[in-house]
Amino acid sequence: MEKKKKGINGLLIVDKPEGITSLDVVREIKHRLGVKKAGHIGTLDPFATGVLPVVINEGTKLVPFLRESPKEYEVTLKLGEETTTDDKTGQVVMKQPWEGIQREKIEALLRTFLGKIHQTPPMFSAIKMQGKPLYRLARKGIEVERKEREIEIYKIQMEGVELPLVRFNVSCSKGTYIRTLGRDLGRKIGCGAHLLCLRRTRSGPFTLEQAISWEALKNLSVPDALSLWLISLSAALPSLPEVIGDERLVKKVRFGKEMVAQDLSPQTLPAFEKGEWLKMSSPREGLVAILKSEVKGADIPWLNPETVALRPLRVFQPSPPPRLRVEATSPQRER
């Protein structure tokens with residue numbers, strides 16, 4: 001059994017339920033599957049639900065290379081009340097009448113958030129100031145000045161209005177606080193607002209269709225049962241150009257050595273620019289390494305044979321081939 005536990009490497013998309021923290025999800029995975037290392041990417045508030053990517057064992061090395069944008073959410077906003085946390089878990093600190101507000105006005109104001117905007121992070125957030133998370137200060141009633149951050153709203157679309165409730169979908173960049181977006185919309189409308197429901201439907205390339213439900217996760221009896229949902233190390237990086245390494249190149253990279261121009265065959269290389277990340281895979285061992293290009297791929301045939309072309313940034317230990325390889329664009333499965 002211990003041998004099987006060590007073989008769990010990759011990324012798991014969990015449909016986080018309401019009422020637990022992102023860290024609770026990680027603890028459950030470590031406890032239930034017996035894995036030594038795991039961590040989540042992109043925190044979801046306890047009241048929020050949806051896509052929570054969790055990296056497992058060797059998968060933790062992927063974190064710096066995973067693209068977290070765009071993030072997509074389904075939002076339900078309640079007009080007429082502001083709370084201490086900008087969501088339903090906080091205490092109401094302000095009430096304003098919402099009756100008579102027209103849908104057209106709400107929709108027009110919603111569109112004003114499109115594009116690059118500035119947000120002031122909420123006090124109830126995990127951002128650290130002098131080594132302490134802001135939410136710890138907020139719980140003590142302490143408020144400190146926060147710097148504005150530039151974020152981007154790629155798409156925002158009204159889904160329905162049943163006053164005082166407003167439902168909309170939003171696609172945004174990493175670092176966007178939807179609670180703050182909802183609060184700011186309420187202030188523009190003139191009556192205040194807070195989030196009633198928040199569901200993340202996408203984080204980077206990962207969607208709800210790939211997610212294992214909390215119920216299914218808690219009912220897993222053996223680690224092997226996870227194979228239906230586990231995304232392999234290589235499949236977790238669908239956007240990176242891929243170099244297929246033969247035994248000689250794999251061995252060289254595992255020793256941490258750079259690849260020079262004469263190591264590479266331009267006919268089998270993907271197109272890449274200087275400074276770009278690439279992934280090296282082996283048909284037998286899966287993902288071998290994340291590489292950084294020191295030259296442009298198209299220039300390799302004309303370079304000095306000893307010129308460093310690709311430099312390893314992260315090297316991964318070999319994993320046994322999964323029983324079912326799940327791609328990042330896999331179709332919906334029963335949960």
Side-chain angles (χ1 to χ4, degrees), residues 9-14 39-44 50-73 116 151-155 170-176 200-212 229-245 249-250 253 259 264-283 285-300 309-316 319 321-322 324-333:
N9 295 305
L11 188 143
L12 186 66
I13 311 303
V14 178
H40 60 80
I41 303 171
T43 302
L44 276 177
V51 171
L52 183 69
V54 178
V55 286
I56 299 173
N57 287 333
E58 286 291 287
T60 57
K61 297 179 182 178
L62 295 171
V63 173
F65 309 101
L66 289 168
R67 311 289 187 185
E68 293 186 58
S69 293
K71 292 187 175 183
E72 297 179 2
Y73 297 88
K116 292 182 178 179
I151 54 101
E152 186 169 2
I153 305 297
Y154 306 122
K155 183 179 179 181
V170 60
S171 174
C172 56
S173 63
K174 174 184 176 181
T176 302
R200 186 156 68 196
T201 57
R202 173 182 290 272
S203 179
F206 308 115
T207 66
L208 274 175
E209 283 70 27
Q210 298 163 273
I212 182 173
W229 292 279
L230 190 68
I231 296 174
S232 69
L233 297 174
S234 184
L237 299 166
S239 63
L240 294 193
E242 186 174 27
V243 177
I244 304 298
L249 282 182
V250 168
V253 169
M259 280 176 281
L264 304 169
S265 170
Q267 291 77 20
T268 60
L269 286 178
F272 60 86
E273 299 297 321
K274 182 178 179 179
E276 192 171 357
W277 293 336
L278 297 89
K279 59 184 177 183
M280 171 180 271
S281 299
S282 159
E285 298 181 9
L287 185 65
V288 176
I290 306 296
L291 313 168
K292 181 181 179 183
S293 59
E294 300 295 334
V295 298
K296 185 177 180 179
D299 294 338
I300 287 177
L310 300 174
R311 192 184 305 276
L313 298 177
R314 290 286 191 283
V315 178
F316 298 84
S319 299
L324 177 64
R325 177 165 169 151
V326 182
E327 298 295 339
T329 54
S330 60
Q332 184 168 358
R333 299 183 295 276

Report yes if some heavy atom in the side chain of Arg200 is under 4.5 Å from a heavy atom in the side chain of Leu52; otherwise report no. yes
Heavy atoms of Lys174 and Ser69 approach each other most closely as N-OG, 2.8 Å
Heavy atoms, side chains only, cut-off 4.5 Å: are Phe316 and Ile290 in contact? yes
Heavy-atom closest pair, residues Pro64 and Trp277: O-CH2, 3.4 Å
If you take all heavy atoms of Thr176 and Ser173, which pair is closest and at what distance? OG1-O, 2.9 Å
Can you confirm whether Arg202 sits close enough to Val51 that some side-chain heavy atom of one is under 4.5 Å from a side-chain heavy atom of the other? no
Exercise: identify the closest heavy-atom pair between Leu237 and Leu66: CD2-CD2, 3.7 Å
Interatomic distance, OG@Ser171 vs CD@Glu72, rounded to 0.5 Å, equals 4.5 Å
Separation of Leu291 CG from Leu313 CG (nearest 0.5 Å): 7.0 Å
Hey, does Ser293 have a side-chain heavy atom less than 4.5 Å from the side chain of Leu278? yes
Less than 4.5 Å apart, any side-chain heavy atom of Val55 and any of Leu11? yes
Is there a donor-acceptor contact under 3.5 Å from the side chain of Lys279 to the main chain of Leu287? no
Report all side-chain donor-acceptor pairs from residues 264-275 shorter than 3.5 Å, counting only partners two or more places apart or in another chain.
residue: Ser265; atom: OG; partner: Gln267; partner atom: OE1; Å: 3.0
residue: Thr268; atom: OG1; partner: Ser265; partner atom: O; Å: 3.0

Could you report the tightest heavy-atom contact between Val315 and Glu58, atom names first, then the distance? O-OE1, 4.2 Å
Ser232 (side chain) donor-acceptor with Ala235 (main chain) under 3.5 angstrom: yes
Student check: side-chain heavy atoms of Ile231 and Phe206 closer than 4.5 Å: yes
Contact between Val253 and Met280 at the side-chain level, heavy atoms closer than 4.5 Å - yes or no? yes
Applying salt bridge (charged side-chain N to carboxylate O under 4.0 Å, His left out) as the test, list every pair that has at least one member in residues 230-240; sequence neighbours left out. none
Heavy-atom closest contact (Val250 atom, Ser282 atom, distance): CG2-CB, 4.0 Å
